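This one's a predicted model, so the numbers in the text were calculated from it and none came from an experiment.
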Amino acid sequence: MSESTVEPTPEAPEAPAPAVAAEPEDGAPLGPAGEKALEEWKRRAKDAERTQREQAKRLQAIDDRDKTEVQRASERADAAEQRAAAMATRTVRAEVRALAAATFADPGDAVAFLDPADFVDDDGDVDTKKVTRALADLLNRKPHLAKEGAPPSFDEGARRKADKPPSMNELIRRKAGLI
């Protein structure tokens, strides 16, 4: 990289720092002078952050000016690859959550235990069958992650309507062996 001169940024003449009233140990408020000093320091911090951002932009512009078109294109390609990889990762995580919603108590657990890179092929597509197999394997290894079945029933079985009591004629026919 070639040496280039950087223009010095004009700095405001530094005013003497206002006297900061020390906060008493009992946690009492700063008082008017302390509040004024605190506001001054907050303003200075914001100004310093803004100046730092502006200088970083200028430095980046100077660096970019000295780069060849091939270097710029290479950086753009690298940035595009990083964005594509991030999108593939988000896609896999969404697919894992969607498939895990049916069987996992918390689909986020499935995302935490599986590596998204294992489920993306060379074209950037998500292999759903692989995800399904991995989720089943994860449930086999960690069954406590699965959704619980139906809550236990304490009513001694399913409820059904009572049968209609037999009439007297039906009772007689049963005894006689006619039914």
Side-chain angles (χ1 to χ4, degrees), residues 1-128 130-131 134-135 138-139 141-142 144-147:
M1 182 163 109
S2 66
E3 294 285 328
S4 60
T5 59
V6 177
E7 303 163 7
T9 58
E11 294 184 21
E14 192 164 327
V20 179
E23 185 173 316
E25 291 185 24
D26 61 357
L30 295 173
E35 292 293 329
K36 185 177 178 183
L38 181 62
E39 291 302 319
E40 175 67 21
W41 283 107
K42 286 181 181 179
R43 184 190 60 77
R44 285 185 184 187
K46 286 181 183 178
D47 289 345
E49 288 175 5
R50 187 178 330 106
T51 303
Q52 188 272 335
R53 283 192 303 267
E54 291 170 0
Q55 289 176 349
K57 286 180 185 177
R58 287 179 51 203
L59 181 61
Q60 185 64 40
I62 291 169
D63 285 346
D64 288 345
R65 182 183 64 202
D66 294 339
K67 292 180 183 174
T68 66
E69 188 61 33
V70 172
Q71 287 173 325
R72 287 187 209 126
S74 174
E75 287 178 358
R76 285 193 304 266
D78 290 342
E81 285 178 7
Q82 289 175 351
R83 286 192 305 272
M87 287 298 289
T89 300
R90 283 195 295 270
T91 303
V92 169
R93 287 183 179 155
E95 186 76 19
V96 167
R97 268 192 219 97
L99 292 172
T103 54
F104 280 75
D106 181 10
D109 290 342
V111 174
F113 283 105
L114 299 177
D115 182 18
D118 294 342
F119 308 110
V120 180
D121 61 11
D122 294 335
D123 297 330
D125 294 329
V126 179
D127 188 353
T128 308
K130 231 181 192 181
V131 172
L135 289 173
L138 182 60
L139 280 180
R141 288 183 290 129
K142 300 185 181 289
H144 61 277
L145 297 176
K147 278 186 178 177

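Counting only heavy atoms from C-beta outward, the side chains of E39 and R43 never approach each other to under 4.5 Å. The side-chain heavy atoms of Q60 and K57, taken from C-beta on, include no pair separated by under 4.5 Å. Proximity of T103 to L135: side-chain heavy atoms (C-beta onward) are nowhere separated by under 4.5 Å.
Of all heavy-atom pairs spanning P107 and A105, the tightest one is CD-O, 4.0 Å. Between F113 and K142, the closest heavy-atom pair is CE2-CE, 3.6 Å.
Interatomic distance, H144 NE2 to D109 CG, rounded to the nearest 0.5 Å: 7.5 Å.
Listed by chain and number, the residues in a side-chain contact (heavy atoms from CB on, under 4.5 Å) with E69 are R72, R76 (sequence neighbours excluded).
Under a 3.5 Å cut-off, the side chain of D106 and the backbone N or O of G108 do form a donor-acceptor pair. Checking side-chain atoms of K36 against main-chain N and O of G31 turns up no donor-acceptor pair under 3.5 Å.
A salt bridge links R44 with E40; the closest basic N to acidic carboxylate O contact falls under 4.0 Å.
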Got a list of side-chain donor-acceptor pairs under 3.5 Å for residues 84-97, not counting sequence neighbours?
unit_1, atom_1, unit_2, atom_2, d
T89, OG1, A85, O, 3.0
T91, OG1, M87, O, 2.8

